[in-house]
Amino acid sequence: MTATLIRPEKPSFLGDENPFEAMMSRFDYAAQLLNLDTGLYKVLRNPEKQIIISIPVLQDSGEVEVYTGYRVLYNTSRGPAKGGIRFAPDVTLDEVRALASWMTWKCAVVNIPFGGGKGGVICDPNILSDVELEKLTRRYTAEILDFIGPERDVPAPDVNTNERVMAWVMDTYSMHKRHTVTSVVTGKPIEMGGSLGRREATGRGCMIVTKEALKHLGMQAKGAKVAVQGFGNVGSIAAELLQQEGFTIVAASDIGGGVYNAKGLDVADLLKWRQEHRYLKGYPKGEEISNEQLLTSECDVLLPAALENVITAKNAPSIKAKVIIEGANGPTSDKADKILDSKGIFVVPDILANAGGVTVSYFEWVQDRGGYFWDEETVNRRLTDIMMRSFGHTLEVAKRYNVNMRIAAYTLAIDRVAAVHRLRGMYA
Ligand code: NAD
């Protein structure tokens with residue numbers, strides 16, 4: 001099925017196989033399918049608010065350095081903006097804006113009452129001391145204080161930020177408000193309002209949609225062979241949970257390379273090896289493979305859970321998996337999508353497959369606001385309900401429009417955001 005693109009121009013910072021460009025092409029495709037009116041198209045294509053700030057930090061050396069920070073509230077029609085804060089040397093406003101838009105669609109696919117946001121600071125956290133990092137975080141928070149908040153915009157960890165950084169954001173916000181406000185950020189330590197099950201949530205969500213995909217395709221979970229690229233939070237937890245569900249993990253990799261064993265790898269043993277040796281490299285109970293070989297290895301399910309843009313027009317023709325579950329954000333290029341489609345490979349797209357994390361962030365926000373905390377079983381049960389329901393809704397849209405699951409997920413998301421805009425009308 002083809003649709004003409006209605007977007008007038010492409011932003012110049014994005015190349016053909018850039019993940020953000022790929023996302024926006026899919027947005028356009030879905031908007032076209034929905035016959036989105038031009039006015040609403042223009043509204044949804046533009047961020048609501050983009051904040052650029054200068055962050056002076058007194059370094060340990062006694063010198064002052066000034067960092068640039070961003071926060072973008074892409075869309076808040078369905079609720080407060082939601083999205084991480086990243087600290088990295090190559091952060092740009094364009095990237096933050098694209099990621100904020102991504103969050104808007106992700107929250108809408110799983111139907112949680114959030115819009116999309118994202119933040120970032122151009123810095124290299126590896127060369128900052130803990131004291132400098134804390135000062136940077138607190139000043140960044142103080143500068144965006146009027147725009148964040150439980151009802152406005154709720155940040156979370158992203159690249160190079162973690163629970164500790166979230167604790168500083170929460171404390172800074174609370175000091176200004178003169179009372180403790182736990183629900184201003186998610187991904188906090190459990191002791192101060194974090195949610196049980198948050199650490200495992202993205203991997204668990206991947207496991208749930210993998211089972212749903214196989215059920216839909218009439219494939220057996222028991223013994224189905226899985227290759228996992230990336231053995232961090234998402235990849236290793238997904239692998240562990242899939243193994244518990246009877247899947248056979250045949251390949252795993254991290255930045256140092258991978259390992260393959262057609263008879264199956266023991267995930268607990270791999271984790272032990274990683275703990276002792278930092279990387280999977282050298283793991284003796286399998287054959288050594290590269291990350292590229294992992295992607296085209298003999299398996300039923302491929303789970304990219306490391307980086308953007310790893311499945312491209314170059315390697316897509318050689319992929320043997322029948323199902324791809326996108327644990328990472330943006331692992332598949334637009335050109336690769338067409339090849340995967342032609343090969344009949346069933347792809348569960350990132351904005352659905354890895355939405356377990358933001359879903360449990362939503363639970364954290366709900367628990368903080370209610371002041372009542374759920375046990376882990378409740379968190380996992382509610383996560384399972386949302387992931388299964390969202391998979392079902394996306395599949396319905398895919399059948400209705402005769403499109404793949406990715407276009408279906410965007411169509412579902414844009415339709416939900418557009419519906420709220422229509423109901424709310426235009427404030428003038
Ligand atoms: P992580 O840092 O815990 O793990 C990343 C893994 O990828 C590590 O094993 C690392 O060695 C590996 N890796 C890094 N560079 C690589 C390379 N060049 N080749 C192969 N492997 C490489 O990160 P994570 O939290 O697991 O996130 C992984 C992906 O999932 C990212 O795209 C992230 O945006 C996405 N994601 C994460 C969450 C979450 O809750 N953690 C939620 C949604 C999406």
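Each ligand, and each atom within it, is numbered from 1 in the order the structure gives. All heavy atoms count here, side chains included; hydrogens, waters and symmetry mates do not. Because the structure is predicted, anything quoted here is derived from the model rather than measured.
- Of the protein's heavy atoms, Phe231 N, 2.9 Å lies nearest to atom 9 (O) of ligand 1.
- Considering only non-hydrogen atoms, atom 43 (C) of ligand 1 lies nearest to Asn354 out of Ile351, Asn354, Val358.
- Under a 4.0 angstrom heavy-atom cut-off, Arg198 registers as being in contact with ligand 1.
- When side chains are defined from C-beta on, Lys322 does not count as touching Leu217, because their heavy atoms never get closer than 4.5 Å.
- Regarding atom 17 (C) of ligand 1, its nearest protein heavy-atom neighbour is Leu307 CD1, 3.5 Å.
- Residue Val234 has at least one N or O atom closer than 3.5 Å to an N or O atom of ligand 1.
- Between Phe87 and Tyr140, the two ring planes are perpendicular [angle over 60°; tilted spans 30° to 60°].
- To the nearest 0.5 Å, atom CG of residue Asn380 and atom CZ of residue Arg204 are 4.0 Å apart.
- Relative ring orientation between Tyr41 and Phe27 is described as tilted, the plane-to-plane angle lying within the 30° to 60° band.
- The distance from the CG atom of Leu241 to the OG1 atom of Thr210 is 10.0 Å, given to the nearest 0.5 Å.
- Tyr283 and Trp273 have perpendicular rings, their planes meeting at more than 60° on a 0 to 90° scale where under 30° would count as parallel.
- Contact atoms of ligand 1 toward Ala328: 29 (C), 30 (O), 32 (O), 35 (C) (distance under 4.0 Å to a heavy atom of the residue).
- Using a 4.0 Å cut-off between charged nitrogen and carboxylate oxygen, Lys281 and Glu288 count as a salt-bridge pair.
- For ligand 1, the polar-atom distance check against Gly232 finds a nitrogen or oxygen pair separated by under 3.5 Å.
- For ligand 1, the polar-atom distance check against Gln229 finds no nitrogen or oxygen pair separated by under 3.5 Å.
- Of the protein's heavy atoms, Asn291 ND2, 3.5 Å lies nearest to atom 19 (N) of ligand 1.
- If you check which protein heavy atom lies closest to atom 40 (O) of ligand 1, you get Thr202 OG1, 2.7 Å.
- A salt bridge does not link Asp385 with Arg382: none of the charged nitrogens is closer than 4.0 Å to a carboxylate oxygen.
- Of the inter-residue distances, the one linking Leu196 atom CG with Gln367 atom CD reads 7.5 Å to the nearest 0.5 angstrom.
- Under the 4.0 angstrom criterion, atom 23 (O) of ligand 1 counts as lacking any protein heavy-atom contact.
- The residue from Asn329, Leu295, Val228 that puts a heavy atom closest to atom 33 (C) of ligand 1 is Asn329.
- Nearest to atom 31 (C) of ligand 1 among the protein's heavy atoms is Ala306 O, 3.5 Å.
- In Lys272, the NZ atom is not crowded: 12 or fewer heavy atoms of neighbouring residues, nucleotides or ligands sit closer than 6.0 Å.
- Using a 4.0 Å cut-off to heavy atoms of Asp254, the atoms of ligand 1 that qualify are 9 (O), 11 (O), 20 (C), 21 (N), 22 (C).
- By the neighbour-count criterion of 12 heavy atoms within 6.0 Å, atom CD of Gln220 is sparsely surrounded, having that number or fewer from other residues, nucleotides or ligands.
- Between Asn233 and ligand 1, at least one N/O pair is under 3.5 Å apart.
- At a heavy-atom cutoff of 4.0 Å, ligand 1 is contacted by no atom of Ser236, backbone or side chain.
- Salt bridge Glu245/Lys211: present, at least one basic N to carboxylate O contact under 4.0 Å.
- At a 3.5 angstrom cut-off on N or O pairs, Ala305 does not count as close to ligand 1.
- Counting only heavy atoms, the protein never gets under 4.0 Å from atom 2 (O) of ligand 1.
- At least one N or O atom of Ile255 sits closer than 3.5 Å to an N or O atom of ligand 1.
- Atom CZ of residue Phe114 and atom CG of residue Asp153 lie 10.0 Å apart, to the nearest 0.5 angstrom.
- Considering backbone and side-chain atoms together, Ser253 places no N or O closer than 3.5 Å to any N or O of ligand 1.
- At a 4.0 Å cut-off, at least one heavy atom of Gly327 sits close enough to ligand 1 to count as contact.
- Heavy atoms of Val310 found under 4.0 angstrom from ligand 1: none, in either backbone or side chain.
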